[in-house]
Amino acid sequence: MKIQGPKGTKDVLPSQAYKWHYIESKIRELCSINGYYEVRTPVFEHTELFERGVGETTDIVQKEMYTFMDKGGRSITLKPEGTAPAVRAFIENNIFNEPQPTKMYYITPCYRYERPQAGRLREFHQFGIEAFGTQDPYIDAEVISVGMALFKTLGIRNLELRINSVGCPKCRKEYNAKLKAFLHPELLHLCKFCQDRFNTNPLRILDCKEEKCKERLANAPYMLDNLCDDCKTHFEGLKKGLDIIGLDYIVDPKIVRGLDYYTKTAFEIVSNDIGSQGTVCGGGRYDGLIEVCGGPSTPGVGFGLGLERLLLIMESQGISIPEQEKIQIFIAAMGEKANDMAMKLMFMLREASIRAEKDYLSRSLKAQMKYANKIKAKNVIVIGDEEIQKEIIRIKNMENGQEVNVPLNNIDEIIKEMER
RNA sequence: GUGGGUAUAGCUCAGUUGGUUAGAGCGCCAGAUUGUGGCUCUGGAGGCCGUCGGUUCAACUCCGACUAUCCACCCCA
């Protein structure tokens, strides 16, 4: 019986890995320019970190985590997101004692037990950044700008930046009461999902796509209109910050984040090109999270960005990625002696950092030429008895078909000829 | 967790109203005079038609279950 990869996982094959390398290199370059430094945290953490950090009531914690007992009887969970582990590392290593803000980024696999669909896997990869230690709304704008800059450098178009404020614990509590008071008499007229949401996540009701719900909720109060002075000032600061750096945005009072830790700023970057899972980047501020995880009261802001979704958008927009480097020279050999010579020559060329390759399947010369063509080798060296005897090899340029003779033992000359 | 689609060669897919040796294109391998690729031509390998059960004289084709996969809901990156 054939063994398959687990549901919701995807191999990145050798012929495709260059796409990931390309995106990762762009990310690292961008983070460096913006002053974010990489943090690498384990793929698994104590379950409690996510229960506290992500929130006990969230779908992620309640039904989507890969949780198991290790042999020491500890409850372990594969990370479902990157922020909580980054926060844990920040606290555990006392980074809060260093000059603030602390700006870090990560590229990491994440695990969520969900039904796979377009743009959603059980193992997926996230690029995220976090800025700890300041409440300045301009750093919220900076964080958003890093996400937007990545899309820009990759040539991705047609994205929408949507921003909102989800308030702070103080004003959210008042607002929740107000919202529930509004919703309660409407409850029977809403769809069954919304009736469930009333208890679990009333904010989500505002985002329901059912027509009848939309009608009933036309006059519902929004968090955005009920912010306390502090949160209101912060949101104005964010908008001003985005204006200053010239980022277009849409204020969308319906944006809700699914993780409990968000406060004030919430934002999404959305694409219409990849099906229903259009949010490619989502994030916001989480001023209570570090304290909840056992650290000193410290504000923070960040985002997570799905790399598979990023790749999907690039694919659907026909954005080309520089291909991986091809073999520079293929060494075709005829006969045992020539094969030994090819082996030696190949390693000498590689020592000189030339991407050289030879035949390993005892193919005929013709088949070796075909193979060289197929792997897009730029040049082919042909070695046979005649060449060994004369100590001269022939280099063929595969683009124009021209051949030249070069002394067998002169690596410099060979390299010069093939770069011609 | 809920709903819908799909399952035939390595890949993308055909396969007539159930009927006898299951096909194509691409890919792979080998040839087209003796030591040279791309184009073309010829040949070859490769399928328990997802699995199990049922209907039938007869099932790739019809029915059921299971599994896998895709898409959508939920939710999220």
Side-chain angles (χ1 to χ4, degrees), chain A residues 1-10 13 15 54 57-64 79-83 106-128 147 191-194 196-197 200-201 204 207-210 255-259 262 267-271 274-283 302-313 330 332-335 338 361-388 394-403:
Chain A
M1 203 172 106
K2 190 158 63 174
I3 297 175
Q4 296 180 274
K7 184 194 273 278
T9 64
K10 219 173 161 183
L13 300 175
S15 61
V54 177
T57 64
T58 60
D59 276 17
I60 291 177
V61 169
Q62 285 190 346
K63 45 190 201 193
E64 295 174 3
K79 60 167 100 160
E81 55 103 43
T83 299
Y106 50 82
I107 298 172
T108 183
C110 294
Y111 302 85
R112 268 129 87 160
Y113 189 86
E114 297 185 89
R115 292 283 290 267
Q117 69 183 73
R120 188 163 78 194
L121 293 168
R122 288 186 174 181
E123 181 189 63
F124 63 102
H125 296 80
Q126 247 186 33
F127 157 52
C191 70
K192 64 177 161 66
F193 297 116
C194 283
D196 291 344
R197 288 178 180 126
T200 58
N201 200 348
R204 282 254 172 234
D207 200 24
C208 186
K209 281 129 202 153
E210 292 280 334
I255 287 184
V256 181
R257 309 261 68 232
L259 291 71
Y262 286 106
F267 73 92
E268 290 182 354
I269 301 173
V270 183
S271 166
I274 53 171
S276 72
Q277 307 299 320
T279 302
V280 64
C281 177
F303 68 67
L305 191 155
L307 295 183
E308 283 83 359
R309 288 184 187 178
L310 188 69
L311 246 357
L312 281 180
I313 296 175
F330 180 86
M334 286 168 293
L361 293 174
S362 310
R363 280 184 259 238
S364 68
L365 178 62
K366 195 187 186 101
Q368 290 185 62
M369 292 303 292
K370 274 192 179 178
Y371 178 70
N373 187 57
K374 203 147 291 164
I375 63 175
K376 297 184 174 142
K378 290 177 187 143
N379 297 277
V380 173
I381 289 175
V382 178
I383 308 177
D385 292 338
E386 200 177 312
E387 284 78 9
I388 292 172
R394 322 189 60 176
I395 301 178
K396 178 169 186 172
N397 181 316
M398 293 295 271
E399 272 155 46
N400 57 28
Q402 283 179 7
E403 288 188 71

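Labels below follow one simple rule: chain letters A, B, ... track the order of the sequence lines, proteins then strands, and each chain is numbered from 1. All of these numbers come straight from a predicted model, not from anything done at the bench.
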Taking side chain to side chain contact (heavy atoms under 4.5 Å, CB included) as the test, write out the residues that go with [X], two or more places apart.
| X | value |
| --- | --- |
| Leu121(A) | Lys10(A), Phe124(A), Glu308(A) |
| Arg394(A) | Glu387(A), Glu403(A), Asn405(A) |
| Glu399(A) | Lys378(A), Asn397(A) |
| Ile388(A) | Lys337(A), Ala338(A), Ile383(A) |

Could you tell me how far [M] sits from [N] if I compare only their [atom1] atoms? Round to whole Å.
| N | M | atom1 | value |
| --- | --- | --- | --- |
| U67(B) | G53(B) | C1' | 14 Å |
| G18(B) | C66(B) | P | 26 Å |
| A7(B) | C75(B) | C1' | 28 Å |
| G47(B) | U8(B) | P | 15 Å |
| U56(B) | G43(B) | C1' | 41 Å |
| C63(B) | C71(B) | P | 25 Å |
| G1(B) | A59(B) | P | 36 Å |
| A14(B) | A24(B) | P | 16 Å |

Just how far, in rounded Å, is [atom2] of [N] from [atom1] of [X]?
| X | N | atom1 | atom2 | value |
| --- | --- | --- | --- | --- |
| Lys63(A) | U2(B) | NZ | P | 11 Å |
| Ile255(A) | C75(B) | CD1 | P | 15 Å |
| Asp59(A) | A77(B) | CG | P | 11 Å |
| Ile313(A) | A77(B) | CD1 | P | 14 Å |
| Arg112(A) | C74(B) | CZ | P | 16 Å |

- Query: Which part of the nucleic acid, if any, lies within contact of Glu308(A), taking any heavy atom under 4.0 Å across all strands shown: a base, the sugar-phosphate backbone alone, or nothing?
  - Reply: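 Here Glu308(A) touches no strand at all.
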- Message: What contact category does Cys110(A) fall into here, base, sugar-phosphate, or nothing, at under 4.0 angstrom with non-hydrogen atoms?
- Response: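 Cys110(A): no heavy atom of the nucleic acid under 4.0 Å.
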- Message: Let's see if you can work this out: which of C29(B), C75(B), G31(B) has an atom nearest to the side-chain heavy atoms of Glu64(A)?
- Response: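 Taking heavy atoms from C-beta onward, the closest nucleotide is C75(B).
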Please name all residues satisfying side-chain hydrogen bond (donor to acceptor under 3.5 Å, both in side chains) with [X], sequence neighbours left out, ordered by chain then number.
| X | result |
| --- | --- |
| Tyr111(A) | Glu123(A) |
| Glu268(A) | Arg257(A) |
| Thr57(A) | Asp260(A) |

Within the distance-only criterion (no hydrogens, no angle test), does the side chain of [X] pair as donor or acceptor with the backbone N or O of [Y] below 3.5 angstrom?
| X | Y | value |
| --- | --- | --- |
| Gln368(A) | Ala333(A) | yes |
| Arg122(A) | Pro116(A) | no |
| Arg112(A) | Ile60(A) | no |

- Item | Heavy-atom protein contacts under 4.0 Å, nucleotides 67-72 of chain B, coded B base, S sugar-phosphate only, - none | -SS-SB
- Under 4.0 Å protein heavy-atom contact, by nucleotide of nucleotides 34-51 of chain B - B base, S sugar-phosphate only: -BBBB-------------
- Query: Are Glu64(A) and Thr58(A) side-chain neighbours, meaning at least one heavy-atom pair lies under 4.5 Å?
  - Reply: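 No - every pair of side-chain heavy atoms lies 4.5 Å or more apart.
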- Quick one: does Met398(A)'s side chain get under 4.5 Å of Val380(A)'s, heavy atoms only?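 Yes. Closest side-chain heavy atoms under 4.5 Å.
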- Where do Phe330(A) and Ile375(A) come nearest, in terms of heavy atoms and distance?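 For Phe330(A) versus Ile375(A), the nearest heavy atoms are CD1-CD1, 4.1 Å.
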- Message: Once rounded to the nearest 0.5 Å, what's the spacing between atom CZ of Phe127(A) and atom SG of Cys281(A)?
- Response: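 Separation between the atoms: 8.0 Å.
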- Query: Taking only residues two or more places apart in sequence or in another chain, which ones pass ring pair (Phe, Tyr, Trp, His ring centres under 6.0 Å) with Tyr262(A)?
  - Reply: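 Residues passing ring pair (Phe, Tyr, Trp, His ring centres under 6.0 Å) with Tyr262(A): none at all.
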Using the 3.5 Å cut-off, write out each protein N or O paired with an N or O of nucleotides 10-12 of chain B and the distance between them.
none

- Task: Report the stems of RNA chain B as range-with-range entries sorted by first number; a stem here is at least three consecutive pairs, Watson-Crick or G-U wobble, both distances under 3.5 Å, and write none if there are none.
- Result: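 As far as RNA chain B goes, consecutive pairing (with distances under 3.5 Å) yields the stems B:1-7 with B:67-73, B:10-13 with B:23-26, B:28-32 with B:40-44, B:50-54 with B:62-66.
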